[in-house]
Amino acid sequence: MNAPDSSTVRLGQNLANVRERIASAAARSGRPPEAIRLVGVTKYASIEVTRALVQAGLGDLGESRPQALWDKATALADLPVCWHLVGHLQRNKVRRTLPLVSLVHSIDSRRLLAAVEQELSLAAEAGGPTSGKPLAALLEVNISGEAAKHGFAPAEIEPLLAELPKLQHVRICGLMAMAALEGGSDRARRDFAALRELRDHLRPLAPAGVSLDELSMGMSDDFEVAIEEGSTIVRVGSALFEGVVDS
Ligand SMILES: *Cc1c(COP(=O)(O)O)cnc(C)c1O
């Protein structure tokens, strides 16, 4: 079944609106709109509404919970979707998640990084579907320092960099963060600027094969600020689903 027509229309409008806002913010930061990748976070949407969003033209989708990603990726396997895991990945969910995703935004501990590398190495030996090119991933940084947030402390990233070339199956290509929950857009801007400054400081120190080009930052309430501060990937959920009736 398809989502109701009015919802399909509204999704298309929301998508166009978000893309326009991305383009304006990109222009303010002196970049072309293509420099920013939009990932639609579908955790609030049913499978049918998610399907309609892909049909409206969005090919990058994200989920914060591995289980929800499995369900949607399975149900929408007939569509050309690049899946992004944007939330915490429990180590016991690594095996089932990795074959489904094109980018993991949320490598938030050394233990998880080691588990992902080990799983991909086993899969490569077995000649499984994930063997072949390395999995792209981002290091999640707890830039706001809030106790409830996952992620590496900013100071942990530099010592970690030297170890990354040992990984044969995971290719780190940038950093991800969320702004503080409280404090509005001024605080968000400071948090995003702090992530970009950390990245700018670390980039010359990155060993061969490790790039810190990508900055995954910005959600519905703050993606324009994030782009102004250098974001290359925004993870937008609720703004895409405003006014969409989901049953
Ligand atoms: C839910 C979620 C988003 C999207 O949030 P919105 O405010 O709905 O845009 C982005 N990133 C992560 C990690 C999320 O969990």
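FYI, the numbering just counts along the sequence from 1. Counting convention: from 1, in listed order, for ligands and their atoms alike. Worth knowing before you read on, the calculation uses all heavy atoms, side chains too, and leaves out hydrogens, waters and symmetry mates.
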Arg187 bridged to Asp191 by N-O distance under 4.0 Å: yes

Sidechain N-carboxylate O distance under 4.0 Å for Arg189, Glu228: yes

Closest protein heavy atom to atom 5 (O) of ligand 1, given as residue, atom name and distance to 0.1 Å: Met219 CE, 3.7 Å

Distance-minimising heavy-atom pair for Gly230 and Met217: C-CE, 4.1 Å

Heavy-atom gap Val236 to ligand 1 smaller than 4.0 Å: yes

Region of His105 that comes within reach of ligand 1 [heavy atoms, distance under 4.0 Å]: neither

Backbone or side-chain N or O of Gly237 under 3.5 Å from ligand 1 N or O: yes

Shortest heavy-atom approach to atom 2 (C) of ligand 1 - which of Met178, Lys43, Arg235: Lys43

Which segment of Ser238 sits under 4.0 Å of ligand 1 when only heavy atoms are counted: both

N/O separation below 3.5 Å, Tyr44 to ligand 1: yes

Ser220: numbered ligand 1 atoms lying under 4.0 Å from its heavy atoms: 6 (P), 7 (O), 8 (O), 9 (O)

Point-to-point distance, once rounded to the nearest 0.5 Å, from NE2 of His169 to CD of Glu119: 10.5 Å

Residue and atom name of the nearest protein heavy atom (relative to atom 13 (C) of ligand 1), distance in Å to one decimal: Val86 O, 3.3 Å

Donor-acceptor under 3.5 Å (Ser64 side chain, Val86 main chain): no

Test: Glu163 and Arg110 ion pair at under 4.0 Å: yes

Exam field: side chain Arg65 to backbone Lys43, donor-acceptor pair closer than 3.5 Å: no

Sub-4.0 Å atoms of ligand 1 with respect to non-hydrogen atoms of Ser64: 15 (O)

